[in-house]
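Single-structure report; data block below.
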Amino acid sequence: MCLLFDVFVENFTILIDLYISIGVNIFWAGDRLVSALSASRGKSAREGGRAGCSVDSSRREFIKAAAIASGLVLAGSLSVASRASTRGRARGRRFAMFIDVDKCYGCYACVVACAHENNVPVGVFRTWVERYVKPDGTVVYVPKQCNHCDNPSCVEVCPVNATYVNEDGIVLVNDDLCIGCGACIENCPYGARFFNPVKGVADKCTFCDHRIYQGLLPACVEACPTGARVFGPLSEEDSEVSVLVRAAKTQRLKEWTGNEPQIYYKDLPAEANT
Amino acid sequence: MAYGSVVEYGRFQEVGNVFPNEMAYGYTLGGVNWGVLLVFYTLYTGLVAGTYLVAFLSLGLNNARYHRVAGLSLILALSFILAAPLFPLAELRQPQRALSILTRPHLSPSETYPGVSPISLLAIVYPLLLVVTILLVVFTFRAEASRRAAETGRLWYKILSLGMGSSEASLRRDLRVAGILVSIGLILAVLFASYVGFLLVATKARVLWIDATIPIHFVASGILSGAALVAIAYYIVAKLASGRAVDNGTIRGLGWVMLWALLTGLGLDIVSESARAYHGFFPPGLETYGSEVLMPSLRVAYYAITAVILVLLLVSQLKTKPWLVLLASLLSMIQVAIYRWLAVIPAQLLSRTNAGVLHYSVEAHEARLVVGVVAATIFLATILAWILPWGSGHLARARHLGASQGGDA
C-alpha cells in the first residue's frame, strides 16, 4: 500500500511538472506572438501610407516570432518530456544483500530453500555455495547468486527488453518476452543466469520478489540458520542491511566490470572474488 | 589441494573453478552457450560483406575486371542474406518470438532498460540490407530481363522487367541507380558483418573477447571469404557451362581483393597477438587453463594456412594461373572458418571465474542444422542463378556502357 502511494505521488508530481512546464512555455510563446502581432499592427497604423512596406515588415516579424515561439515550445516540451522519461522510472527503494562469509558453514539450506520456493529445475541454480579449502585445511564457504547490479550488463544486451530493472533495483526477466538468445547469460560476469530447461527462457534470482512485496524475506535469507545472509533496503539508512554495509569492511564481486553489484560480502577471500 | 582451486562439485575437479550454471550446459548444449551455429552465422555475415564488395567494385566503381562476376556476387549476397538468420534462429530457445527483435528492439537506454543491445542493431541493419539488396537485384537485372522477356516471352522475365523496356537510356539509368544502391548496401553489409563482433567485444564476462580487433577482423576475413567464394563459384560456373571460359583478368582481380583482405587480417592478427603477449598472455589465474583454451594446434594450422594463401596469392599476381587463385580461395574458406571458430568458441571455454575450463564438441543436432542451412543456401543460390539473367550478354552491355562513360573498362 505504501509502495502504491509512493508510485502515485511520484507520478503525480511528474505529471504536474510536465503540464506546468508545457503550459508556461505555451503561455510565454503566445505572449511573444501577441506582442509581435500588436507591435506590427501599431507600426502599420502609425506608418499609414507605407502600407506595402509595413505589411512585409510585419509578416517578417510575425514569422520570426512564430519560429522562435515554436522552437521554444518544442524545445521546452522535449526537455520536459525527457526529464519525465528519466524521472518517471526513478527508483524507489534499493534492495541489497549483505553476506557474512564467516557465518556460512555450508549447510546449503539456502540452495534447497531457493530451489523449493522458485521451482528451480535440477542442474541449474539461482543461488549456490562455493567451497574453498585453505592450505591449513580450513574451509571457507561463499554463497553466490545474482548481484542485482546497479549497472547490469545482462540487461544492457537484451535485444527485446525482456529483462529489466524494476523500480526497487531488482533485475528481473519477463518470461513472456524472452526469446532465449542467451546474450544475457553470456554477459553476466557472475554466472548467475541460466536457461531454465523447463521454461526455455533465461532465468535467475529474483530476490524472491513475490515474497518481499508481501513483507516476507527471500527464501534463502529465511532459511539461513546462522544469519549469514541479511536482506533489506539499502536506501533506508536505518535498515539492518544498510547499517551492516556501513559498519563492516565489505567487498563486492568483480568490481572492475563496472556493474555495481548489490551483494556486499564481509570477509570474502580474494580467491572467491570471481 | 590449493587454496581457492576447488569448488563444491567434486566430480568436475579436473576442470578447475567453474560456476555451476556453466557446467549445466554440459548436460544439454556441449559446454558453450553459442556453438557452431554462431560460428557459421558470423561466416555468413562475412560472406555477405565480401560478395557485396565484389558487386560494388563493378557496379559502384565500374571496375571492368569484376563485371563478369558482379551478377553472380549479387546472387550470392542475396542468398546469404536470406539464409544467414536461420543460424541464430535455430539457436534461439523461443524462435517463435524472433520477430520481437524487429518489433521491440532495445535501442534506447532508460533506467528500466539501461544500455543498448548490439543484437538490436540487427533490427535496423537487416531489414534495410534486405530491401536495398532486393532493389539492387531488380535494378541490375531489369533491363536484361526486359530484353529476354521480348525474346522468350517468359512470365518471370516480364515480371522482373517491371513492364519497362531495355533501351540504352534505361540501362544507363538502371546502372546509375544500382551504383547508388550498391554503395548503400556495402555500408549495411559491412555493419552486418561487424555487428556480431561488437556483440562479442561488448561482453564483459569473457576476458578473451576483450579485443578491439575482432569486429574489424570480421569484416576483413569476411571480404576474404566473400571474394574467395565468388572466385570458386565463377570457376565452377565457367567450367560447367558450355561456351564459357575462365577470364584470367577477373580471377586475378578477385585474387587482388583477397590479397588485401588477407594482409589486413594478418595485420590485425599481429596486433591482437602482440597485445596478448604484452599483457603476459593471460591474466592472473588463467595460466593453468589458458594454453588449453586457446587451442594452440588449431591456431598453428590457421597461421600455416594463412602463409600458404599469402604465397599463392602473391604468385598469382605475378603469374597468370587461375588455379592458383582457385586453390587460395578454397584454402581461404577453410582459413576464415578456423578464424571464426577461434573467435567465437575458445572465449566461451574459459570459465567466467577465469580459473577453469569447459569442453565443447559439436552435437549431432547442431551438425544437422548446419548441413541443412548450407544446403538450403546452395539451393537458394542455384534457384536465383537460374531465374536471374546474370549471363555475359548483359554484363557485356554493362561493360560497354562503362567504357563509353569513361570508366576503366
Side-chain angles (χ1 to χ4, degrees), chain A residues 85-86 88-91 106 108 123-125 128-135 137 140-141 144 151-153 155-167 177-183 185-195 197 200-202 254 257-259 269-272 274, chain B residues 1-9 17-25 27-29 33-34 88 91-101 103-106 109-123 199-200 202-206 209 285 348 351-356:
Chain A
S85 69
T86 314
R89 298 184 199 101
R91 293 197 178 147
Y108 299 94
V124 285
F125 303 86
W128 65 96
V129 180
E130 293 178 2
R131 186 170 70 104
Y132 293 87
V133 184
K134 289 183 179 178
V140 180
Y141 293 97
K144 287 189 179 175
N151 183 25
S153 51
V155 180
E156 280 181 15
V157 294
C158 178
V160 294
N161 291 326
T163 183
Y164 60 99
V165 187
N166 85 351
E167 67 276 11
L177 294 177
C178 178
I179 60 171
C181 65
I185 295 171
E186 272 308 305
N187 276 271
C188 174
Y190 309 107
R193 281 178 175 254
F194 55 88
F195 272 121
V201 295
K254 289 188 179 177
T257 58
N259 276 21
E271 288 76 4
T274 54
Chain B
M1 204 177 285
Y3 179 45
S5 67
V6 178
V7 291
E8 175 54 29
Y9 303 91
N17 189 350
V18 172
F19 288 130
N21 285 330
E22 291 182 309
M23 287 186 286
Y25 295 121
Y27 300 119
T28 54
L29 293 166
N33 188 18
W34 292 331
E91 192 94 78
L92 294 183
R93 304 307 187 282
Q94 301 288 342
Q96 76 279 9
R97 297 176 190 161
L99 285 179
S100 307
I101 294 178
T103 55
R104 41 177 300 120
H106 180 189
S110 65
E111 282 225 5
T112 310
Y113 307 107
V116 171
S117 167
I119 299 179
S120 296
L121 293 175
L122 188 71
L199 169 67
L200 302 186
T203 306
K204 294 175 188 170
R206 303 289 190 191
W209 272 337
Q348 295 179 78
S351 167
R352 290 178 187 82
T353 61
N354 294 339

Quick check: closest heavy atoms across [X] and [Y], and the distance to 0.1 Å?
{"X": "Ile179(A)", "Y": "Leu92(B)", "result": "O-CB, 3.7 Å"}
{"X": "Cys158(A)", "Y": "Ser117(B)", "result": "O-CB, 3.4 Å"}
{"X": "Asn21(B)", "Y": "Gly191(A)", "result": "ND2-O, 3.1 Å"}
{"X": "Val155(A)", "Y": "Thr112(B)", "result": "CG1-O, 4.1 Å"}
{"X": "Pro152(A)", "Y": "Pro114(B)", "result": "CD-CG, 4.1 Å"}

Open item on the list: My understanding is that only residues two or more places apart in sequence, or in another chain, count here; which of them pass side chain to side chain donor-acceptor pair (under 3.5 Å) with Asn259(A)?
Closed with: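 For Asn259(A) the side chain to side chain donor-acceptor pair (under 3.5 Å) partners, ignoring immediate neighbours, are Ser153(A), Lys204(B).
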
Open item on the list: Evaluate Arg97(B) against Val201(A) for side-chain contact (heavy atoms from CB on, under 4.5 Å), listing each step before the verdict.
Closed with: CA-CA 11 Å; Arg97(B) 297 176 190 161; Val201(A) 295; 4.0 Å; yes

Side chain, backbone, both or neither: which part of [X] has a heavy atom under 4.5 Å from chain B?
{"X": "Ala183(A)", "result": "both"}
{"X": "Ala202(A)", "result": "neither"}
{"X": "Cys181(A)", "result": "both"}

TODO: Check whether Arg104(B) gets within reach of chain A through its side chain, its backbone, both or neither, counting any heavy atom under 4.5 Å.
DONE: both

Open item on the list: Report which part of Gln348(B) has an atom under 4.5 Å of a heavy atom belonging to chain A: side chain, backbone, both, or neither.
Closed with: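 Only the side chain of Gln348(B) comes within 4.5 Å of chain A.
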
Task: Between Ser351(B), Ser100(B), Ala123(B), the one whose heavy-atom pairs under 4.5 Å with chain A are most numerous - done: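 Of Ser351(B), Ser100(B), Ala123(B), Ser100(B) has the most heavy-atom pairs under 4.5 Å with chain A.
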
Open item on the list: Just to verify, what does Pro118(B) make a side-chain contact (heavy atoms from CB on, under 4.5 Å) with, not counting sequence neighbours?
Closed with: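 By the side-chain contact (heavy atoms from CB on, under 4.5 Å) rule, Pro118(B) matches Val157(A), Leu199(B), Ala202(B).
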
Task: Full working for side-chain contact (heavy atoms from CB on, under 4.5 Å) between Trp128(A) and Phe19(B) - done: CA-CA 9 Å; Trp128(A) 65 96; Phe19(B) 288 130; 3.7 Å; yes

Open item on the list: Please check: side-chain N/O of Arg352(B) versus main-chain N/O of Cys188(A), any donor-acceptor pairing under 3.5 Å?
Closed with: yes

Task: Main-chain N/O of Asn187(A) paired to Thr203(B) side chain as donor or acceptor, under 3.5 Å - done: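 Judged by distance alone, no pair lies under 3.5 Å.
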
Task: Point-to-point distance, once rounded to the nearest 0.5 Å, from CD of Glu111(B) to CD of Glu167(A) - done: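 If I round to the nearest 0.5 Å, the distance is 11.5 Å.
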
- [ ] Output the distance between atom CZ (Arg193(A)) and atom CG (Asn33(B)), rounded to the nearest 0.5 Å.
- [x]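 CG of Asn33(B) is found 12.0 Å from CZ of Arg193(A).
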
- [ ] Quick one: which of Asn151(A), Leu177(A), Val160(A), Asn161(A) has the most heavy-atom pairs under 4.5 Å with chain B, could you say?
- [x] Asn161(A)

